[in-house]
There are 2 protein chains.
Amino acid sequence: MEKEKVDKKDHILDVAERVFAEQGYDGASTRMISGEAGVNMAMLNYYFGSKEGVFLAIFERRISAFQATLLGIGNDEDLDAWGKLAQFVDRYLDKVINNNCFHIMLNREISKSKKTDLTDKITSIVMKNVYVFQDIIEDGIKSGAFNKDADKELLVATMFGTKNYIVNTPHISSAILGHDVMDLKTQEEIIKPRLKKYMKTLLKAYLTHENDNK
Amino acid sequence: MEKEKVDKKDHILDVAERVFAEQGYDGASTRMISGEAGVNMAMLNYYFGSKEGVFLAIFERRISAFQATLLGIGNDEDLDAWGKLAQFVDRYLDKVINNNCFHIMLNREISKSKKTDLTDKITSIVMKNVYVFQDIIEDGIKSGAFNKDADKELLVATMFGTKNYIVNTPHISSAILGHDVMDLKTQEEIIKPRLKKYMKTLLKAYLTHENDNK
DNA sequence: CAAAATTAATCAAGCGATTGATTAATGTAG
DNA sequence: CTACATTAATCAATCGCTTGATTAATTTTG
């Protein structure tokens with residue numbers, strides 16, 4: 001029973017994550033979520049206290065897995081700057097592309113220009129990823145492996161922005177790539193390897209190119 | 001009177017655009033918008049028919065200006081591939097960074113995975129920008145100016161994704177860059193020139209780098 | 001039986017939209 | 001120019017509906 005309770009809560013969160021991604025936080029109603037999850041509406045409040053509680057529970061579930069992934073990336077002292085960068089790209093994209101519903105949700109919330117408790121919380125989480133990436137770039141620049149004129153702040157925007165563009169605007173990116181980026185098999189066999197290779201090539205090109213106008 | 005009517009409608013759309021960007025479509029209420037615009041709630045329906053009418057009016061206003069900008073970009077036959085690319089970057093970023101409220105709104109709508117009339121409409125608009133950019137890249141590859149192994153589809157994701165990251169997640173990008181990216185003066189004096197220079201350097205590096213693993 | 005889980009019924013609040021009445025601006029006839 | 005008629009703009013009040021949340025009753029479980 002304890003086990004099944006956890007499963008049922010997990011099932012609710014799975015459904016809620018999808019519905020929030022489809023409809024947005026405000027657009028998704030508790031009736032929608034409970035209806036699609038096949039549970040009574042009151043169960044949401046019984047389990048999670050409130051609609052916002054459901055929303056936060058989704059984040060906490062994903063984030064704990066997320067933080068674990070981050071540890072170890074960029075801290076492997078056996079790797080040089082290029083090795084760390086390559087590993088970050090591979091592991092980050094691996095982790096992130098499959099959880100597309102969650103990341104669509106996350107980015108929609110974070111794009112609200114009004115600051116709230118929720119946007120602050122999300123911001124601090126996202127910033128942790130940013131710092132890991134930025135540290136790798138900084139170390140590479142210091143060691144001389146990367147171009148010292150590189151704009152490491154905007155390179156962050158490119159790293160995460162490119163990924164977001166693929167994941168968050170599926171209608172657009174599917175049209176551009178000629179594949180359904182929402183399809184799990186496509187993600188695994190086509191999107192992931194292609195994006196990994198591209199990102200590494202792009203970063204390498206930028207971080208090693210000869211500066212011609214300086 | 002006719003002039004002032006247009007001004008008032010424009011004022012309502014200005015406010016609505018900001019509130020929609022701040023709160024999302026569902027999060028923004030007609031009472032909020034009319035309240036902040038200093039007009040009676042019924043005026044929204046009087047002028048625009050409905051809440052959705054207000055939303056669509058915002059799009060139509062921006063899009064007509066948008067389409068005009070697109071004409072001429074990438075069609076200047078006096079320029080070589082690099083010249084076209086540089087011009088696209090400069091003019092696109094100029095046009096797009098100031099309308100940040102609108103683009104936040106647009107991207108939030110387009111990130112909804114459920115297809116609707118609105119997402120279809122927005123998708124086709126965005127794709128026009130994409131095609132202009134992609135054509136420039138393709139021509140450059142054909143003429144031999146650009147690396148023939150370049151992934152032109154994912155380069156699209158980088159071009160627009162990088163911009164989106166800066167514009168759509170202002171809390172994040174402000175923290176990264178150390179400036180308030182929502183501030184108009186900052187946009188003009190710091191963000192725009194820096195992003196323009198960065199984008200061009202990045203594209204050039206990628207499109208000219210020597211392929212080392214092929 | 002007692003505790004936990006689940007349900008249907010219900011609540012106040014907020015939503016978008018509509019209404020009829022009122023005011024302001026404009027046009028028209030004498 | 002003035003008095004009347006017409007249109008546009010604005011308002012407060014209110015409609016029906018959906019929302020998130022709570023309640024009390026019922027079922028399930030250990």
Side-chain angles (χ1 to χ4, degrees), chain A residues 1-61 105 108-109 112 114 116-119 121, chain B residues 1-61 105 108-109 112 114 116-118:
Chain A
M1 161 55 30
E2 182 65 21
K3 178 69 190 314
E4 285 183 12
K5 191 180 87 179
V6 173
D7 285 351
K8 179 164 284 187
K9 288 174 84 169
D10 248 36
H11 171 65
I12 293 174
L13 292 183
D14 286 339
V15 173
E17 192 173 276
R18 199 194 72 241
V19 176
F20 277 133
E22 285 173 357
Q23 315 274 349
Y25 179 80
D26 296 293
S29 71
T30 54
R31 283 172 175 80
M32 254 183 224
I33 295 169
S34 60
E36 292 204 32
V39 302
N40 189 278
M41 216 191 70
M43 296 308 293
L44 299 192
N45 297 297
Y46 181 70
Y47 281 134
F48 305 104
S50 67
K51 180 185 183 181
E52 193 183 346
V54 176
F55 198 71
L56 291 173
I58 294 172
F59 275 85
E60 276 166 28
R61 191 175 63 149
M105 214 180 79
R108 194 170 13 234
E109 284 312 305
K112 291 182 180 172
K114 264 271 168 54
T116 65
D117 288 349
L118 188 58
T119 59
K121 197 171 178 183
Chain B
M1 161 58 26
E2 182 64 24
K3 179 67 188 318
E4 285 183 12
K5 191 180 86 180
V6 173
D7 284 349
K8 179 162 284 189
K9 288 174 86 167
D10 249 35
H11 171 65
I12 293 175
L13 291 182
D14 287 338
V15 172
E17 193 172 274
R18 200 194 71 242
V19 175
F20 277 134
E22 284 173 358
Q23 315 275 349
Y25 179 80
D26 296 294
S29 73
T30 54
R31 285 174 174 79
M32 253 183 225
I33 295 169
S34 60
E36 293 205 31
V39 302
N40 189 278
M41 219 191 67
M43 296 309 294
L44 298 192
N45 296 298
Y46 180 71
Y47 280 134
F48 305 105
S50 67
K51 180 185 183 180
E52 192 184 347
V54 176
F55 197 71
L56 292 174
I58 293 172
F59 275 85
E60 277 168 28
R61 191 175 61 149
M105 219 179 76
R108 194 167 18 231
E109 284 312 305
K112 292 185 178 169
K114 269 267 167 59
T116 66
D117 288 348
L118 189 58

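Every chain is numbered from 1 and lettered A, B, ... according to where its sequence line falls, protein lines coming before strand lines.
- The two residues B/Glu22 and B/Arg108 make their nearest non-hydrogen contact at N-NH2, 4.3 Å.
- Within the structure, a side-chain polar atom (N or O) of A/Tyr46 is placed less than 4.0 Å from OP1 or OP2 of C/dA5.
- Computed from coordinates, the A/Met41 CE to D/dT23 C1' distance equals 12 Å when rounded to whole Å.
- Ranking C/dG16, C/dA8, D/dC11 by closeness to the A/Ala42 side chain, first place goes to C/dA8.
- Nucleotide C/dA17 holds its P atom 9 Å from the CD atom of B/Glu52, rounded to whole Å.
- Between A/Val19 and A/Ala28, the closest heavy-atom pair is CG1-CB, 3.7 Å.
- Note: CE (A/Met32) to C1' (D/dT19) measures 11 Å, nearest angstrom.
- Across the protein-nucleic acid pair, B/Phe55 atom CZ and C/dA17 atom P stand 14 Å apart, rounded to whole Å.
- When the side-chain nitrogen and oxygen atoms of A/Asn40 are compared with OP1 and OP2 of C/dA8, one or more of them lie within a distance under 4.0 Å.
- For A/Ser29 and D/dT18, the shortest distance from a side-chain N or O to OP1 or OP2 is not below 4.0 Å.
- DNA chain D is contacted by both A/Gly27 and B/Met43; B/Met43 maps to the nucleotide lying nearer its 5′ end (nearest heavy atom per residue).
- For A/Lys8, no side-chain nitrogen or oxygen approaches OP1 or OP2 of C/dA5 to under 4.0 Å.
- Atom C1' of nucleotide D/dT10 and atom NE2 of B/His11 are separated by 15 Å, given to the nearest angstrom.
- Note: CZ (A/Arg31) to P (C/dG14) measures 16 Å, nearest angstrom.
- In this structure, the side chains of B/Phe20 and B/Val54 come closer than 4.5 Å at one or more pairs of heavy atoms.
- In this structure, A/Ser50 does not reach the D/dG20 phosphate: none of its side-chain N or O atoms is under 4.0 Å from OP1 or OP2.
- The phosphate of D/dT10 has OP1 or OP2 within less than 4.0 Å of a side-chain N or O from B/Tyr47.
- Spacing between atom CG of A/Asn45 and atom P of D/dT19 amounts to 14 Å, rounded to whole angstrom units.
- To the nearest angstrom, P of D/dT19 lies 14 Å from OH of A/Tyr25.
- Using a distance-only test at 3.5 Å, with no hydrogens or angles considered, a donor-acceptor pair links the side chain of B/Lys51 to the main chain of B/Tyr25.
- The closest side-chain heavy-atom distance from B/Asp10 to B/Arg61 is below 4.5 Å.
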